[in-house]
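Atoms within a ligand are numbered from 1 in the order they appear, just like the ligands themselves. None of these values were measured; they are calculated from a predicted model.
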Amino acid sequence: MMQELIQGLKDIVGGEYVSTHLEDRFFYSRDGGTMESFEPDVVVLPQDSNQVSKILSLANKNKVPVYCMGAGLTLSGLHRAISGGILIDMKRMDKIIEVNERSRYVVVEAGISQGKLQAYLKKNYPHLKHSMPDAPPAATIGGNVAIHGSGHLSFLGGFHSDMVTGLEVVLADGRIIRTGSCSVSNYWFAKAPLPDLSGLFLGWFATTGIITKVGLKLYPAHPLSDVRVLICEDPKIMEEIIFKVTDLNIAEDIITWMTPKPDWARGFLHCNVIYGAKTKDELIFKRDLLFEQVRDLIDKKVTGFLPLLPFMKKRFLDVPGKDLVRFADVRKGGGFEYVGAMIPTNLFSDAYKLGLDIAQKHKVAYSLGSRIIGNSHSMMFFYAYAFNRADLADVKNAQNALYETNKKVIDIGGIPWKAEIPAQKEILKKMDKNTKGLIFELKKLLDPNHIMSPGNLEE
Ligand SMILES: Cc1cc2nc3c(=O)[nH]c(=O)nc-3n(C[C@H](O)[C@H](O)[C@H](O)COP(=O)(O)OP(=O)(O)OC[C@H]3O[C@@H](n4cnc5c(N)ncnc54)[C@H](O)[C@@H]3O)c2cc1C
């Protein structure tokens, strides 16, 4: 049966875009995180929505599992083919279909990389930009919105899934559907005022359908930008700083970070406040406003601005930011994974303490931080642990630290993001029974043969 299926896939996309080679299956079986590897039987790279539709129809008819990968960069192993079968790599679907300049949105194929969209906008629409995650630029738009990613405009616009204006999705039986205004109009301007079907595909780990096109909000790109870094020792003061800075509402991006390396930085909490402006005067005005907003804390000598020379600012203003990538190889051997947890901003101190306790207990190389999202309703708090992939004890240690972090995050009231399979189970354990029941019913309705990413969102 597998031979027939492989021939069927070759007929759909062409022989050179189907692979059963051992090397390819090995490559697609894993990512840079700690999760165990699982090989797909076959990897296929479609070129358009019709090909995705034919692949899913074929898989559905033969009841063969289908997994979907953008760039495979979650570090939680979410694209792994846990039950074998077909892995669809979306990277060939990378077209920019339309930029609507006045309504500030773009329509793209879901496999386009963040880097390609960023470069295209910089060249052709320098006054517009999309929100970039700090992931390597190969990360795809589809993979990122599918997991409720966030990025350098998330303080303004919320999660990247909040910036979605519409989707085209292929269902398990091959039907192609649209969500949002594009299901009625030629314009992909909003999800409102229709029933919001996009929610059936965002946050589901490809268990309900494969996103083939995305309408995404764009934002004004300011010609000038600046960063100011506030520093303090007490996490409760950092909560106060976050409240004051977000109340001022001038920032595009607000990031906190704490790292034990270099030694002088240990125990200090930093808050990067990044803002843009059209003119130099506006930039200075915003800088002065920020100073006034935290002046009482500066007078009490509990915070202050880190002096930064102009050439030092670049690394804080780089989009995507490279600090996590730099940290990733701190233990050498290329192992790195982080728990990203969605947490209400008022729990900053608890989230920080939790990270320090776990790092101390498991003696892992760590870096902690958070990105404030959607005018501070929540934050993505990250607990990054580096390990040496060649040292199995080191890998196990990081895995234990990650697992415990996920559990403790749920205990304090947060929710693990892009959750690995064990953390997905923990979330479902804690979830309201009727809500969980509805999730399983919807999955069954959309995927009666249980071919879509089996192993995910399951008890
Ligand atoms: C150093 C580093 C920094 C990072 N910083 C950030 C950050 O700032 N913000 C952030 O959001 N993330 C960050 N990440 C996490 C991650 O890399 C990104 O979220 C990335 O955008 C995920 O996209 P991807 O293409 O790699 O998705 P994949 O890993 O390929 O897929 C993610 C999930 O979505 C599903 N999926 C993929 N494509 C589709 C589709 N077309 N339709 C339906 N389901 C699909 C997959 O099956 C999987 O469940 C970072 C990662 C690293 C390594």
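Checked for salt-bridge contact, Glu459 and Lys436 meet the test: a charged N lies under 4.0 Å from a carboxylate O.
Ring-plane geometry between Tyr125 and Tyr120 is classed as tilted, the angle between the planes lying from 30 to 60 degrees on a 0 to 90 degree scale.
Residue Leu75 touches ligand 1 through its side chain alone, judged by heavy-atom distances below 4.0 Å. Contact annotation for Pro320 and ligand 1: no heavy atom of the residue comes within less than 4.0 Å of the ligand. With a 4.0 Å cut-off on non-hydrogen atoms, Trp204 does not touch ligand 1 at all. Only the side chain of Ile147 comes within 4.0 Å of ligand 1, judged by heavy-atom distances.
Checked by atom type, the side-chain pair Asn388/Asp394 shows no donor-acceptor distance below 3.5 Å. Counting only N and O atoms by type, the side chains of Glu239 and Ser349 include a donor and acceptor under 3.5 Å apart.
A donor-acceptor contact shorter than 3.5 Å links the side chain of Thr246 to the backbone of Ile242. A donor-acceptor pair is defined here as one N or O able to donate and one able to accept, closer than 3.5 Å; no such pair exists between the side chain of Lys213 and the backbone of Val107. One N or O on the side chain of Thr256 and one on the backbone of Ser370 form a donor-acceptor pair closer than 3.5 Å.
Heavy-atom proximity to atom 19 (O) of ligand 1, evaluated over Asp134, Val169, Asn144, is greatest for Asn144. For atom 9 (N) of ligand 1, the choice among Gly143, Ser154, Ser150, Ser161 with the nearest heavy atom turns out to be Ser150. Closest to atom 44 (N) of ligand 1 by heavy atom, among Ala206, Gly33, Gly151, Ser76, is Ala206.
Considering backbone and side-chain N/O atoms, Gly149 never comes within less than 3.5 Å of an N/O atom of ligand 1. Between Thr140 and ligand 1, a contact under 3.5 Å exists for at least one N or O pair. On a distance-only criterion, Cys68 and ligand 1 share at least one N/O pair closer than 3.5 Å.
Residue Arg371 has at least one heavy-atom neighbour below 4.0 Å for each of these atoms of ligand 1: 8 (O). Each of the following atoms of ligand 1 lies closer than 4.0 Å to a heavy atom of Ala71: 24 (P), 25 (O), 26 (O), 30 (O). The atoms of ligand 1 that sit less than 4.0 Å from any heavy atom of Trp417 are 10 (C), 11 (O), 12 (N), 13 (C). Close approach of ligand 1 to Ala110 is summarised as follows: ligand atoms under 4.0 Å from at least one heavy atom of the residue are 41 (N). Of all the atoms in ligand 1, the ones that sit under 4.0 Å from a non-hydrogen atom of Met69 are 30 (O). Counting atoms of ligand 1 from 1 in the listed order, those under 4.0 Å from a heavy atom of Pro136 are 2 (C), 52 (C), 53 (C). Near Gly209, the atoms of ligand 1 lying under 4.0 angstrom from a non-hydrogen atom of the residue are 43 (C). Proximity to Ile210 (heavy-atom distance under 4.0 Å) selects the following atoms of ligand 1: 42 (N).
Residue Ile410 qualifies as enclosed at atom CD1: its count of foreign heavy atoms under 6.0 Å is above 12.
Ligand 1 is never approached by Ser453 to a heavy-atom distance shorter than 4.0 Å. Residue contact check for ligand 1: Gly321 places no non-hydrogen atom closer than 4.0 Å to it.
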Please step through salt bridge (charged side-chain N to carboxylate O under 4.0 Å, His left out) for the pair Lys407 and Glu404, ending with a clear verdict. CA-CA 5 Å; Lys407 283 186 79 148; Glu404 192 174 336; over 6 Å; no

side-chain contact (heavy atoms from CB on, under 4.5 Å), that's the test. Do Ile254 and Asn272 meet it? Break it down for me. CA-CA 6 Å; Ile254 301 171; Asn272 301 356; over 6 Å; no

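The distance between the ring centers of Tyr383 and Phe381 falls below 6.0 angstrom.
A cation-pi arrangement is present between Arg92 and Tyr17 under the rule of less than 6.0 angstrom and at most 45 degrees off the ring axis.
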